[in-house]
Amino acid sequence: MWRILDTDAIKPWRYKYWIFPRDPHFAEKAGPILDLYAGRWQGQCLGPKDHVLSADEKTSIQARIRCHPSLPPAPGRPADIENEYERGGALPYLAAWDVRRGDVIGRCEPTTGMVPFGRLVHQVLAEEPYRSSERLFWIVDHGSSHRGAAARKRLCKVDSRIILVHTPVHASGLNQVEIYFSIIQRKVLTPNDFADLEAIRLRLAWYEELSNQSPTPFQWKFDRTKLTALLAKIEARQIALADARLTCLEEAA
């Protein structure tokens with residue numbers, strides 16, 4: 001049956017998500033972030049005491065208590081995980097990824113918000129080399145914990161060395177900590193089989209410690225040149241879609 005369906009010219013069961021940048025200043029906001037990843041800020045190279053941190057929250061990590069005990073893997077047999085579970089609560093994981101060094105500093109909190117995020121900031125400031133840094137660049141999205149000019153002023157009062165840099169709207173792909181979150185989702189949280197929230201905290205802390213034993217920065221290759229090419233491609237796509245809609249309206253009329 002699938003071979004027959006695969007020969008059809010139109011395959012309605014296949015689809016692809018897309019979203020156009022909605023921030024009118026997308027390039028102006030994305031450019032400085034790409035510069036920081038390349039080791040520059042406002043046309044100048046970053047110094048040895050400048051540090052770039054990509055921070056965010058991974059929300060609603062659930063403790064799914066399986067109705068029957070799981071069986072560990074064995075030679076020639078994968079692990080057996082019970083499909084039914086009871087909900088044991090959820091918590092967020094807040095993390096700051098050091099873009100240049102490849103270290104990560106994280107913590108679990110009962111909820112998200114300005115106060116929990118502030119505790120992450122203080123946790124970072126208490127550790128070296130950040131305690132002795134000259135500038136601390138924090139790359140964040142527009143979540144309520146660190147949104148807008150108010151967050152910029154608030155963090156500047158905490159420590160004048162902090163420079164908050166916001167990503168454009170709908171640009172989580174520019175935030176490197178999201179890559180780290182995708183890694184822990186695959187390696188730490190899947191399959192979701194935790195007895196309680198404390199088990200989640202311990203598992204995340206253990207992996208964080210293991211990761212920091214051999215820190216490795218991500219090999220970031222998306223720069224301003226590729227950003228310009230991508231935005232030009234998106235603009236061409238917008239024009240093509242607008243023309244297609246106009247054609248459909250004309251044919252319907």
Side-chain angles (χ1 to χ4, degrees), residues 51 53-75 77-99 101-131 136 138-147 151 154-155 158-159 162 172 175-218:
H51 299 283
L53 297 168
S54 170
D56 202 2
E57 303 95 351
K58 184 173 178 60
T59 60
S60 298
I61 303 175
Q62 296 184 31
R64 295 180 176 176
I65 306 169
R66 303 295 165 171
C67 296
H68 298 281
S70 301
L71 295 177
R77 179 180 62 78
D80 287 335
I81 309 295
E82 166 65 36
N83 183 59
E84 295 185 357
Y85 59 86
E86 297 177 359
R87 298 182 185 275
L91 49 73
Y93 175 62
L94 287 67
W97 170 264
D98 190 315
V99 171
R101 299 173 68 241
D103 289 337
V104 63
I105 298 174
R107 62 185 297 117
C108 290
E109 290 279 354
T111 61
T112 59
M114 293 183 291
V115 175
F117 186 76
R119 286 195 283 265
L120 174 66
V121 173
H122 284 289
Q123 181 180 344
V124 171
L125 293 174
E127 297 187 14
E128 291 291 355
Y130 316 109
R131 186 167 53 202
L136 278 170
W138 284 72
I139 299 172
V140 296
D141 61 15
H142 292 269
S144 58
S145 304
H146 33 68
R147 179 183 298 155
R154 185 172 63 251
L155 291 182
V158 172
D159 194 309
I162 294 178
S172 60
N175 208 350
Q176 285 197 17
V177 73
E178 298 294 345
I179 304 176
Y180 179 73
F181 285 161
S182 70
I183 293 172
I184 63 173
Q185 180 63 46
R186 296 194 311 271
K187 293 187 175 182
V188 182
L189 302 176
T190 302
N192 190 319
D193 183 21
F194 298 102
D196 50 35
L197 295 180
E198 183 61 23
I200 296 178
R201 292 189 184 94
L202 287 174
R203 183 81 66 84
L204 288 168
W206 287 340
Y207 185 79
E208 187 179 309
E209 181 180 354
L210 178 65
S211 178
N212 288 337
Q213 289 178 5
S214 302
T216 305
F218 298 129

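Every heavy atom of this structure was used, including side-chain atoms; hydrogens, water molecules and symmetry mates were not. The model shown is predicted, which means the values in this text are computed figures rather than measured ones.
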Minimum heavy-atom separation for [X] to [Y], with atom names?
{"X": "Phe181", "Y": "Ala95", "answer": "CE2-CB, 3.8 Å"}
{"X": "Gly102", "Y": "Pro215", "answer": "O-CB, 3.5 Å"}
{"X": "Asp56", "Y": "Asn175", "answer": "CB-ND2, 4.3 Å"}

Under 3.5 Å: donor-acceptor pair, side chain of [X], backbone of [Y]:
{"X": "Asn212", "Y": "Val104", "result": "yes"}
{"X": "Arg64", "Y": "Tyr85", "result": "no"}
{"X": "Asn192", "Y": "Gln62", "result": "yes"}

Using the side-chain contact (heavy atoms from CB on, under 4.5 Å) criterion, which residues pair with [X]? Sequence neighbours excluded.
{"X": "Thr112", "value": "Glu57, Thr59, Pro92, Ser145"}
{"X": "Arg101", "value": "His51, Asp98, Asp103, Pro129, Tyr130"}
{"X": "Ser182", "value": "Ile179, Arg186"}
{"X": "Ser70", "value": "Arg66, Ile81, Asp193"}

- Worked verdict on Phe194 versus Ile61 for side chain to side chain contact (heavy atoms under 4.5 Å, CB included): CA-CA 10 Å; Phe194 298 102; Ile61 303 175; 5.5 Å; no
- Item | Listed partners of Glu128 passing salt bridge (Lys or Arg N to Asp or Glu O under 4.0 Å), at least two apart |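 Salt bridge (Lys or Arg N to Asp or Glu O under 4.0 Å) list for Glu128, sorted by chain: Arg131.
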- Message: If the condition is salt bridge (Lys or Arg N to Asp or Glu O under 4.0 Å), which residues does Asp196 pass it with, not counting sequence neighbours?
- Response: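 Applying salt bridge (Lys or Arg N to Asp or Glu O under 4.0 Å) to Asp196 gives none.
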Do any pairs count as a salt bridge (charged side-chain N to carboxylate O under 4.0 Å, His left out) and have a residue in [range], sequence neighbours left out, and if so which ones?
{"range": "residues 200-215", "result": "Glu198-Arg201"}
{"range": "residues 80-94", "result": "Arg77-Asp80"}
{"range": "residues 113-122", "result": "Glu109-Arg119"}

Does the side chain of [Y] come within less than 4.5 Å of [X]'s, by heavy atoms?
{"X": "Asp159", "Y": "Ile162", "answer": "yes"}
{"X": "Val140", "Y": "Phe117", "answer": "yes"}
{"X": "Val177", "Y": "Ile139", "answer": "no"}
{"X": "Ile183", "Y": "Val188", "answer": "no"}
{"X": "Ile200", "Y": "Leu91", "answer": "yes"}

How long is the straight-line distance from [atom2] of [Y] back to [atom1] of [X], given to the nearest 0.5 Å?
{"X": "Cys108", "Y": "Lys58", "atom1": "SG", "atom2": "NZ", "answer": "11.5 Å"}
{"X": "His146", "Y": "Leu120", "atom1": "NE2", "atom2": "CG", "answer": "9.0 Å"}
{"X": "Glu127", "Y": "His122", "atom1": "CD", "atom2": "NE2", "answer": "14.0 Å"}

- Task: Apply ring-ring contact (aromatic ring centres under 6.0 Å, His included) to Tyr180 and list each qualifying residue two or more places apart in sequence or on a separate chain.
- Result: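 Per chain and number, Tyr180 pairs via ring-ring contact (aromatic ring centres under 6.0 Å, His included) with Trp97.
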- Counterpart residues, ring-ring contact (aromatic ring centres under 6.0 Å, His included), relative to Tyr207 (two or more places apart):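 Applying ring-ring contact (aromatic ring centres under 6.0 Å, His included) to Tyr207 gives none.
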- Message: side chain to side chain contact (heavy atoms under 4.5 Å, CB included) for Phe218 and Val99? Distances and angles first, verdict last.
- Response: CA-CA 7 Å; Phe218 298 129; Val99 171; over 6 Å; no
- Message: Using the side-chain hydrogen bond (donor to acceptor under 3.5 Å, both in side chains) criterion, which residues pair with Thr190? Sequence neighbours excluded.
- Response: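 Thr190 satisfies side-chain hydrogen bond (donor to acceptor under 3.5 Å, both in side chains) with Gln185 only.
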